[in-house]
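Letters go in sequence order (proteins before strands), and every chain restarts at 1. Bear in mind that the values here come from a model prediction, so they are computed numbers and not experimental data.
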Amino acid sequence: MIQDHLDIILIAIVTASACALPGVFLVLRRMTLMSDAISHAILPGIVLAFFLTHNISSPLLILAAAATGVLTVVFVELLQKTKLVKEDAAIGLVFPALFSIGVILISRFASNVHLDTDAVLLGELAYARFNRLEIFGYDIGPISFSVMGGMLLLNLAFILIFYKELKLATFDASLAATLGFAPTLIHYGLMTLVSMTTVGAFDAVGSILVVALIAGPPATAYLMTDSLARMLILSVIIGCVNAVSGYLLAYPFGVSIAGTIATVTFLVFGLIFLIVPNRGLIAIARRHIRQKWEFAQTMLVIHLFNHEGLPEAHEESEIAHLHEHLQWEPTFATRVVKQALNNRYVSQEATQLMLTDRGRSIAQRALVQ
Amino acid sequence: MQVPDAKAIEVTDLTVAYRETPVLWDIDLDVPPGVLLAIVGPNGAGKTTLIKAILGLVRPAAGNVLIYNKPYDAQRRIVGYVPQRGSVDWDFPTNVLDVVMMGRYGALGWIKRPGKQDRELAMQALEKVGMEKYTNRQISQLSGGQQQRVFLARALVQDATVYLMDEPFQGVDATTERAIVTLLQELRENGKTVVVVHHDLQTVTDYFDWVTFLNIRRIASGPVDDTFTPENLRETYGGRIAFMKNR
């Protein structure tokens with residue numbers, strides 16, 4: 001029983017890591033939609049390779065899928081180059097066309113074998129461990145684990161070796177081209193890996209939810225760091241946390257593991273989106289509130305400053321009448337006065353507000369800007 | 001072919017077209033070494049396309065480009081490029097030093113990582129553009145002028161002989177503009193050739209010593225003193241030019 005859980009968790013971890021790594025570059029290249037297209041469009045490649053091998057776990061399936069994935073990218077870019085179709089429309093045209101060819105092939109020729117559309121669309125992590133790899137009669141674990149472990153190593157090696165080239169081609173493709181780094185080659189290398197990773201992940205999570213593994217963790221990590229290297233590491237960690245906690249949540253309730261992982265992915269993104277320092281929603285809201293009160297205090301000192309020493313100063317600095325002059329809600333005005341007093345921008349003398357030196361310099365600075 | 005004194009850039013009969021619409025018609029352009037040249041012309045004149053064609057980024061329909069008598073592919077190490085600031089995503093997760101180091105990638109070649117020496121060169125370049133205090137600054141937090149300085153520093157670490165710059169003055173403050181001009185003139189004094197796509201006709205005579213008028217065709221090209229004339233301006237901009245600065 002423990003072994004079963006461990007198998008599934010290990011598959012989840014290697015799958016999530018293998019998907020998150022190329023996902024970082026897709027997110028930075030604004031190409032996550034392309035990974036969705038690829039994950040669907042590779043279906044005819046898988047089906048055709050299955051007809052040739054009659055083996056659902058043949059490595060040929062991965063190669064055929066990779067080829068179809070790259071073909072998807074080529075078709076989309078060709079359509080786009082005509083300038084008659086925009087990128088999103090091109091993606092929307094190409095992948096359903098290829099995917100439907102796969103669906104038709106399955107329904108016509110393969111309806112009686114284990115290659116049903118449900119498995120392709122959703123996958124099933126719990127069953128992935130039943131297909132096991134044996135070498136010389138020894139069980140060395142589930143096939144999924146070896147396949148995704150292999151993909152993880154391949155992706156890791158590609159990124160480690162071509163880190164500099166990937167970074168440059170993603171940030172500034174024209175500079176990469178002028179320096180002789182063949183950004184198109186790098187682009188297609190990346191797309192080949194994305195296609196291979198996607199089909200490898202089919203067994204575990206299926207073609208729809210694999211996008212959650214590819215796009216979710218990098219999009220979350222993007223909010224948390226300013227460094228590409230850290231974004232890669234964080235993406236892998238977040239992907240693993242999402243996958244493992246998704247499984248542990250799904251198991252006691254007996255619900256879809258892949259569905260729970262994708263839901264957790266979204267929830268974790270939402271949480272980070274809210275709480276991350278400096279650019280999270282909460283941080284932004286707090287900054288807005290603080291700026292609102294600071295601005296109100298600045299308005300107050302400027303008001304006092306403008307009338308300082310003039311005949312009407314006495315009337316204009318009367319605390320009880322401030323809200324009328326400034327057209328503020330009385331409660332708002334009271335609060336701003338209290339803050340300004342606390343900050344020693346103003347001092348109270350009887351019923352009058354007087355500027356302090358500090359308040360005067362703030363007004364002067366604000367007016368100069 | 002014997003050429004007594006090599007031209008830094010030699011463009012012959014260059015035509016670039018998007019489908020059958022010409023963007024550049026049969027351009028001939030010789031840029032002598034050691035000049036600071038402004039390419040001017042109205043919007044859509046093909047200024048950026050000309051730079052990109054020189055760099056091999058767009059494929060010409062006809063014609064040829066030579067850098068010091070050789071095709072670009074053989075000379076990429078001596079050519080530095082400053083693209084338009086808006087051509088990249090400044091939200092990319094990286095810092096100032098890292099972007100400047102990208103200028104060293106060409107010298108490093110494939111796979112090899114930048115080392116301590118590259119870091120030092122990048123620091124020196126940042127000092128030259130007055131950005132040494134921003135080494136670790138995330139690039140999304142830079143102002144437009146600072147972004148432009150970072151791009152210039154990135155080109156400086158390439159230690160090129162020929163520089164091609166696409167609107168380096170676009171949207172920068174007056175201080176940055178002055179700093180950039182000083183830098184460009186310094187490059188020229190060190191024997192570099194600098195070609196700049198430029199928009200502000202008012203400053204051509206102050207900043208540059210050569211000028212090329214471009215509007216799909218090459219209208220004129222030569223030293224500012226004889227070439228920056230009302231006739232050439234009128235021919236390039238048509239009736240749309242509202243001023244003429246007398247020297």
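When heavy atoms are compared at a cutoff of 4.5 Å, B:Asp98 approaches chain A solely by way of its side chain, counted from C-beta outward. With a 4.5 angstrom heavy-atom cutoff, A:Leu166 does not touch chain B via any of its atoms. Neither the backbone nor the side chain of B:Val82 comes within contact range of chain A; no heavy atoms are under 4.5 Å apart. Only the side chain of B:Arg154 comes within contact range of chain A, with at least one heavy atom under 4.5 Å from a heavy atom of that chain.
Per-residue counts of heavy-atom pairs under 4.5 Å with chain B were compared for A:Tyr222, A:Phe181, A:Tyr163; the largest is that of A:Phe181. Chain B forms the most heavy-atom pairs under 4.5 Å with one residue out of A:Ala176, A:Ala177, A:Ser174, and that residue is A:Ser174. Among the candidates B:Gly109, B:Gly56, B:Ser87, the residue making the largest number of heavy-atom pairs closer than 4.5 Å to chain A is B:Gly109. Here B:Trp110 is the residue among B:Tyr81, B:Trp110, B:Trp90, B:Tyr72 with the most heavy-atom pairs under 4.5 Å with chain A.
A:Asp226 places none of its side-chain heavy atoms less than 4.5 Å from the side chain of B:Ser140. Counting heavy atoms from C-beta on, the side chains of A:Ile161 and B:Ile111 come closer than 4.5 Å. Within the 4.5 Å cutoff, the side chain of A:Asp172 has no heavy atoms near those of the B:Met102 side chain.
Considering all non-hydrogen atoms of both residues, B:Gly106 and A:Leu179 come closest at N-CD1, 3.9 Å. Of all non-hydrogen atoms in A:Thr178 and B:Arg76, the two that sit nearest each other are O-NH1, 3.0 Å. Nearest heavy-atom pair, A:Lys164 versus B:Pro114, reported as atom, atom and distance to 0.1 Å: CD-CD, 4.0 Å.
For CZ of B:Phe92, the number of neighbouring non-hydrogen atoms (other residues, nucleotides, ligands) closer than 6.0 Å is greater than 12. No more than 12 heavy-atom neighbours from other residues, nucleotides or ligands sit within 6.0 angstrom of CZ on A:Arg286. Residue B:Arg59 qualifies as open at atom CZ: its count of foreign heavy atoms under 6.0 Å is 12 or below. Heavy atoms from other residues, nucleotides or ligands lying under 6.0 Å from CZ of A:Phe269 number more than 12. Atom CZ of A:Arg230 sits in a sparse spot, with 12 or fewer heavy atoms from other residues, nucleotides or ligands closer than 6.0 Å. Surrounding CZ of B:Arg119 are at most 12 heavy atoms belonging to other residues, nucleotides or ligands under 6.0 Å away. Within a 6.0 Å sphere centred on CD of B:Gln117, heavy atoms belonging to other residues, nucleotides or ligands number 12 at most.
Each of A:Leu28, A:Val24, A:Leu232 was compared with B:Pro93 under the side-chain contact (heavy atoms from CB on, under 4.5 Å) criterion, and only A:Leu28 meets it.
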Report the C-alpha separation of A:Phe171 and B:Asp89 in whole Å, then their side-chain angles, then the decisive distance to 0.1 Å, and conclude whether the side chain to side chain contact (heavy atoms under 4.5 Å, CB included) test is met. CA-CA 7 Å; A:Phe171 175 63; B:Asp89 174 14; 5.6 Å; no
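A cation-pi arrangement, defined by a distance under 6.0 Å to the six-membered ring centre and an angle within 45 degrees of its axis, is present between A:Lys83 and B:Tyr18.
A:Leu175 CG to B:Gln158 CD: the interatomic distance, rounded to the nearest 0.5 Å, is 6.0 Å.
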